[in-house]
Amino acid sequence: MKCKILCIGGISQDVIFNTSKAEIISKKKNNHAQKYIAFNFGSKNSSPGVLRTYGGGALNSAASFVSFGVKAIPMSVIGDDFIGQEILLYLKSKKINKKLVKVLPKEQTAFSFIVNLPKEMK
């Protein structure tokens with residue numbers, strides 16, 4: 001028996017920047033240890049592997065349900081830009097219904113940049 005699940009939330013482009021060129025800075029703030037990833041100010045940093053993917057709560061949930069054969073529909077907004085168009089193609093390729101994904105004219109699609117360090121640096 002198939003169900004329909006409405007997945008409400010965000011849809012974004014996620015760029016994961018893998019690097020070992022960062023410095024880890026530890027600081028104590030409010031009696032809690034905090035760690036920060038640092039690069040030299042104004043430096044140009046390269047990565048041996050940049051992963052560009054799509055995410056956000058609505059998309060991740062819908063994609064997970066669909067992969068298990070459960071009908072799921074994301075409800076979200078994206079911008080009327082190149083990334084938004086790529087996301088619509090991605091949804092189509094994954095057979096995820098896009099009828100509740102609203103395209104906002106003159107807006108940009110959400111974007112996140114994630115710096116990922118090797119385990120030995122964390």
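For this chain, numbers begin at 1 and follow the sequence in order.
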Query - Apart from I73 itself, residues in the same hydrophobic cluster as defined by side-chain heavy atoms under 4.5 Å - result: L6, I8, M75, L100
Query - Closest contact, heavy atoms only, D80 versus Q85 - result: OD1-NE2, 3.8 Å
Query raised in the report: Under a 4.5 Å cut-off applied to non-hydrogen side-chain atoms, are L104 and I78 in contact?
Result: no
Report summary line: With L88 as partner, the option from I11, V103, I83 fulfilling side-chain contact (heavy atoms from CB on, under 4.5 Å) is V103
Query - Listed partners of F113 passing side chain to side chain contact (heavy atoms under 4.5 Å, CB included), at least two apart - result: V15, F17, F111, V115
**Report entry** Polar side-chain atom of S47 near backbone of N18 as donor-acceptor pair, under 3.5 Å
**Finding:** yes
Report summary line: Applied to residues 84-105, the salt bridge (charged side-chain N to carboxylate O under 4.0 Å, His left out) test, sequence neighbours excluded, yields R52-E86
Requested in this report: Ignoring hydrogens and angles, tell me if any N or O in the side chain of S61 forms a donor-acceptor pair with the backbone of A58 under 3.5 Å.
Outcome: no
Report task. Give a yes or no answer on whether the side chain of T19 reaches the backbone of K21 with a donor-acceptor pair at less than 3.5 Å. Result -> yes
**Report entry** Minimum side-chain heavy-atom gap L91-V101 below 4.5 Å
**Finding:** yes
Query raised in the report: Taking all atoms of both residues into account, what is the closest heavy-atom pair of G79 and T109, and its distance?
Result: N-OG1, 2.9 Å
Query raised in the report: For E107, what residues pass the salt bridge (Lys or Arg N to Asp or Glu O under 4.0 Å) criterion, not counting sequence neighbours?
Result: none
Report task. Please confirm whether the backbone N or O of D14 pairs with a side-chain atom of T53, one donor and one acceptor, at under 3.5 Å? Result -> no
Report summary line: In terms of heavy-atom contacts, A62 and P74 come closest through CB-CD, 3.8 Å
Query raised in the report: Under the 4.5 Å side-chain heavy-atom rule for ILVMFWY, direct or indirect, which residues accompany I114?
Result: I16, L51
Report summary line: Sorted by chain and number, sequence neighbours left out, side chain to side chain contact (heavy atoms under 4.5 Å, CB included) with S43 holds for F39, N40, N45
Requested in this report: Could you check if a side-chain atom of S12 sits within less than 4.5 angstrom of a side-chain atom of Y54, using non-hydrogen atoms only?
Outcome: no
